[in-house]
2 protein chains.
Amino acid sequence: MSRTLQSTRHDALRLFLIEKRKKAGLTQAAVAAKLKRYQSFVASIETGQRKVDVVQLIALAEAIGFDPREAIKRMMANKDD
Amino acid sequence: MSRTLQSTRHDALRLFLIEKRKKAGLTQAAVAAKLKRYQSFVASIETGQRKVDVVQLIALAEAIGFDPREAIKRMMANKDD
DNA sequence: CGGGAATATCTAATTTTCGGATATTATCCG
DNA sequence: CGGATAATATCCGAAAATTAGATATTCCCG
């Protein structure tokens with residue numbers, strides 16, 4: 001469970017994604033299916049092992065159902081990168 | 001000049017970044033300096049050869065001076081991924 | 001406890017990214 | 001125009017990240 005990528009913002013992002021996915025009542029596998037990816041792809045994002053590119057964020061937002069700008073907002077709250 | 005990453009959204013992002021940088025009167029080298037990166041880093045983003053991760057987008061927004069949510073908005077305008 | 005569903009971790013092959021150098025293109029000015 | 005200089009694009013090998021896919025672990029509920 002060793003998270004490799006660390007920055008407060010990156011951390012805020014992954015926590016945000018987990019929260020949104022759970023609120024949407026979706027499993028990692030369900031989100032992965034919508035993205036046509038493996039469950040391990042979603043898992044590695046949520047465990048902070050990979051970064052999320054901007055295009056992917058929007059795809060995740062569509063799959064899960066949230067406004068990607070809200071994610072940005074949440075991340076910006078952390079002034080310390 | 002062969003762009004390798006292609007998606008309408010990714011394209012919208014890089015065009016947005018170029019536009020904002022120019023409007024801010026900054027060179028690639030100036031932006032790179034603020035990010036403590038090489039000019040080629042900025043160039044490869046603008047020429048579409050690399051993807052932009054979400055944390056980087058916010059850093060770019062700070063360096064150049066724009067609201068990262070505006071970038072997202074611009075990208076979302078392209079419904080076709 | 002037992003079993004299934006959900007999530008995390010591992011691995012090897014491939015792809016990206018990196019710093020750094022260099023080449024190309026654009027701009028300005030005499 | 002010619003040539004200097006600034007700006008941007010491209011190239012390289014090394015290092016790091018991502019991938020698909022399999023497997024292990026954890027969680028939850030009867």
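The chains referred to below are lettered A, B, ... by the order of the sequence lines, with proteins before strands, and numbering in each begins at 1.
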Quick check: closest heavy atoms across [X] and [Y], and the distance to 0.1 Å?
X      : Y      : result
P68(A) : I72(B) : CG-CG2, 3.7 Å
L17(A) : L60(A) : CD1-CD1, 4.2 Å
A63(B) : L35(B) : CB-CD2, 3.9 Å

Practice task
Would you please name every residue forming a side-chain hydrogen bond (donor to acceptor under 3.5 Å, both in side chains) with S40(A), sequence neighbours left out?
Solution key: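 Listed in chain order: nothing, the list is empty.
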
Practice task
Kindly write out the residues that satisfy side-chain hydrogen bond (donor to acceptor under 3.5 Å, both in side chains) with R37(B), not counting sequence neighbours, or none if the list is empty.
Solution key: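 R37(B): no side-chain hydrogen bond (donor to acceptor under 3.5 Å, both in side chains) contacts found.
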
d([atom1], [X]; [atom2], [N]) in whole Å:
X      : N       : atom1 : atom2 : value
F41(A) : dA22(D) : CZ    : P     : 19 Å
I45(B) : dT8(D)  : CD1   : C1'   : 14 Å
I18(B) : dT8(D)  : CD1   : P     : 10 Å
K51(A) : dA16(D) : NZ    : P     : 12 Å
E46(A) : dA8(C)  : CD    : C1'   : 11 Å
K22(A) : dC28(D) : NZ    : C1'   : 13 Å

Handout entry: Minimum-distance nucleotide (side-chain atoms of Q49(A) versus dA17(D), dT9(C), dA7(D))
Key =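 Closest of the options to the side chain of Q49(A): dT9(C).
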
Handout entry: Selection: residues 32-39 of chain B, any non-hydrogen atom under 4.0 Å of DNA chain C
Key =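 Heavy-atom contacts with DNA chain C come from R37(B), Y38(B).
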
Exercise for the section: Look at all strands and tell whether S40(A) reaches a base, only sugar-phosphate, or nothing, counting heavy atoms closer than 4.0 Å. Expected result: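 Touches a base.
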
Exercise for the section: Provide the full list of ring pair (Phe, Tyr, Trp, His ring centres under 6.0 Å) pairs with a residue in residues 14-38 of chain A, sequence neighbours left out, each pair given once. Expected result: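 Every pair satisfying ring pair (Phe, Tyr, Trp, His ring centres under 6.0 Å) with a residue in residues 14-38 of chain A: F16(A)-F66(A).
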
Tell me whether the side-chain N/O atoms of [X] come closer than 4.0 Å to OP1 or OP2 in [N].
X      : N      : value
Q28(B) : dA9(D) : yes
R21(B) : dT8(D) : yes
R50(A) : dA8(C) : no

Side-chain donor/acceptor pairs under 3.5 Å, residues 18-33 of chain A, sequence neighbours excluded:
from, atom 1, to, atom 2, distance (Å)
E19(A), OE1, R74(A), NH1, 3.4
E19(A), OE2, K23(A), NZ, 3.3
E19(A), OE2, R74(A), NH2, 3.2
K20(A), NZ, E70(A), OE2, 3.3
R21(A), NE, E46(A), OE2, 2.6
R21(A), NH1, L26(A), O, 2.8
R21(A), NH2, E46(A), OE1, 3.0
T27(A), OG1, A29(A), N, 3.4
T27(A), OG1, A30(A), N, 3.0
Q28(A), OE1, Q39(A), NE2, 2.8
Q28(A), NE2, E46(A), OE1, 3.0

